[in-house]
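As the structure is a prediction and not an experimental result, all values here were calculated from the model.
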Amino acid sequence: MRPMKSLVLAGLSLALSAQSPMAWRPLFNGKDLTGWKISGPETGFGVEQGAIVAHGLNGAGHLFYDGTVANHVFRNFNLRLDVMARVRSNGGVYIMTEFQDTGFPQKGFEVQLNNSHTDRVRTASLYHVVDLSNIPGKDDEWMPMEIDVQNMTITISLKGEQLIKWTQPADWTTNYDTRERRIGPGTIAFQAHDPNSVSAYANIRIKVN
């Protein structure tokens with residue numbers, strides 16, 4: 001695996017200096033997985049040059065935030081982070097989810113991270129709710145991502161461009177491939193998808209409303 005780019009730590013410094021330190025809370029210390037809990041193979045997640053790196057070498061897994069910020073339960077929030085996918089990699093950021101021992105999370109939504117994987121649902125999609133096929137990003141590139149959840153609306157931006165603004169319909173229950181894909185309190189998680197997929201997440205911070 002090639003080294004993570006040095007802008008990870010530089011981006012953290014710039015992002016935090018531009019925000020109120022009382023409003024934005026880091027979810028990742030940049031050094032280890034303190035405050036995070038692995039579901040699936042322990043080898044699926046590690047820390048490399050200030051970033052969480054996910055690799056499904058030994059099977060799919062997920063890394064759930066289990067720390068002290070808001071007791072790891074978020075409802076109305078703004079999540080900002082930098083994301084990166086290697087060539088032909090599939091990853092994702094889960095929101096409003098909960099820990100489960102095995103399998104893909106059945107609660108909450110996945111914000112896709114995938115620029116060139118065989119799955120045609122691309123980066124910043126609200127997976128199988130609003131699926132995108134064209135995105136302003138590319139492989140091996142660190143991309144700022146913002147996920148904002150306010151009341152019944154989810155807004156997703158990538159590289160400063162708003163790509164999705166979806167309001168959950170009043171009669172929404174879930175969709176065909178998850179048990180509880182609907183807006184509600186929950187935590188954050190990252191995905192290690194398959195043996196050929198490597199993705200990374202850095203500068204992870206949240207503002208809870």
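- Counting only distance, with no hydrogens or angles, the side chain of S39 and the backbone of H62 share no donor-acceptor pair below 3.5 Å.
- What you find for S89 and S116 is that their closest heavy atoms are N-OG, 4.4 Å.
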(message) Working note: R86 + D139, criterion salt bridge (charged side-chain N to carboxylate O under 4.0 Å, His left out); need CA distance, chi angles, decisive distance, verdict.
(response) CA-CA 5 Å; R86 297 299 192 193; D139 289 324; over 6 Å; no
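- For the residue pair H128 and D131, the shortest heavy atom distance occurs at N-OD1, 2.6 Å.
- Smallest separation of non-hydrogen atoms from W166 and V129: CE2-CG1, 3.4 Å.
- Between R25 and V208 there is no side-chain heavy-atom pair separated by less than 4.5 Å.
- Other residues sharing the hydrophobic cluster of F99, ordered by chain and number and joined by side-chain separations under 4.5 Å: F64.
- I95 is not connected to V121 by any chain of hydrophobic side-chain contacts under 4.5 Å among Ile, Leu, Val, Met, Phe, Trp and Tyr, and they are in different clusters.
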(request) Assess whether side chain to side chain contact (heavy atoms under 4.5 Å, CB included) is satisfied between V198 and H55, documenting all intermediate values. (result) CA-CA 5 Å; V198 178; H55 190 184; 3.7 Å; yes
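- In this structure, R181 CZ and F109 CZ are separated by 7.5 Å, a value rounded to the nearest 0.5 Å.
- Qualifying side-chain hydrogen bond (donor to acceptor under 3.5 Å, both in side chains) partners for Y201, counting only residues two or more places apart in sequence or in other chains: S199.
- Contact check for M145 versus L81: side-chain heavy atoms found under the 4.5 Å cut-off.
- Remark: side-chain polar atoms of R75 are paired, donor with acceptor, to backbone N or O of N151 under 3.5 angstrom.
- Ring centroid separation for the pair W36 and F45 does not come in under the 6.0 Å cut-off.
- Nearest heavy-atom pair across G61 and P41 is CA-CD, 4.4 Å.
- Taking a 6.0 Å sphere around CG of D177, one finds it holds more than 12 heavy atoms contributed by other residues, nucleotides or ligands.
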(message) As a quick check of understanding, evaluate side chain to side chain contact (heavy atoms under 4.5 Å, CB included) for I206 and N78, giving each step before the final call.
(response) CA-CA 6 Å; I206 198 165; N78 185 280; over 6 Å; no
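- The shortest non-hydrogen separation linking D82 to P144 is OD1-CA, 3.4 Å.
- Distance check: S125 OG to I156 CD1 gives 8.0 Å after rounding to the nearest 0.5 Å.
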(message) For a side chain to side chain contact (heavy atoms under 4.5 Å, CB included) check, start with the C-alpha distance between L113 and V93, then their side-chain angles and the critical distance, and finish with the verdict.
(response) CA-CA 7 Å; L113 174 57; V93 181; 5.8 Å; no
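- Within 6.0 Å of the CZ atom in R179, the count of heavy atoms belonging to other residues, nucleotides or ligands exceeds 12.
- The hydrophobic cluster containing L79 does not contain V73, counting ILVMFWY residues as joined when their side-chain heavy atoms lie under 4.5 angstrom apart, directly or transitively.
- No chain of hydrophobic side-chain contacts below 4.5 Å, direct or via other Ile, Leu, Val, Met, Phe, Trp or Tyr residues, connects F190 to L57.
- No option in D119, T178, N114, N175 other than D119 meets the side-chain hydrogen bond (donor to acceptor under 3.5 Å, both in side chains) test with Y127.
- Contact check for I164 versus T155: no side-chain heavy atoms found under the 4.5 Å cut-off.
- From T97, atom OG1 reaches atom CD of Q106 across 9.0 Å, with rounding to the nearest 0.5 Å.
- Take R122 and apply the salt bridge (Lys or Arg N to Asp or Glu O under 4.0 Å) test, not counting sequence neighbours, and it matches no residue.
- With rounding to the nearest 0.5 angstrom, the CG atom of L27 is 9.0 Å from the CD1 atom of I52.
- Among residues at least two apart or in separate chains, salt bridge (Lys or Arg N to Asp or Glu O under 4.0 Å) pairs with a member in residues 91-111 are E98-K107.
- Through direct or indirect side-chain contacts shorter than 4.5 Å among Ile, Leu, Val, Met, Phe, Trp and Tyr, F104 is connected to Y94.
- Residues D140 and V87 have side chains in contact (heavy-atom distance under 4.5 Å, counting atoms from C-beta outward).
- For the atom pair CG (N90) and CG (N196), the distance works out to 11.0 Å, reported to the nearest 0.5 Å.
- Between the side chain of N115 and the backbone N or O of K138 there is at least one donor-acceptor pair closer than 3.5 Å.
- Taken to the nearest 0.5 Å, the CH2 atom of W172 stands 9.5 Å off from the CD1 atom of I183.
- The local environment of CZ in R88 is sparse, with at most 12 non-hydrogen atoms from other residues, nucleotides or ligands closer than 6.0 Å.
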(message) Using the rule given for side chain to side chain donor-acceptor pair (under 3.5 Å), can you reason through D194 versus H117, listing the C-alpha separation, both sets of side-chain angles and the distance that settles it, and then say yes or no?
(response) CA-CA 11 Å; D194 62 72; H117 190 268; 3.1 Å; yes
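- For residues 158-171, every residue pair satisfying the salt bridge (Lys or Arg N to Asp or Glu O under 4.0 Å) rule, not counting sequence neighbours, is listed here: E141-K159.
- In terms of modelled atom types and a separation under 3.5 Å, the side chain of H72 and the main chain of G67 share a donor-acceptor contact.
- The shortest non-hydrogen separation linking G50 to A202 is O-CB, 3.8 Å.
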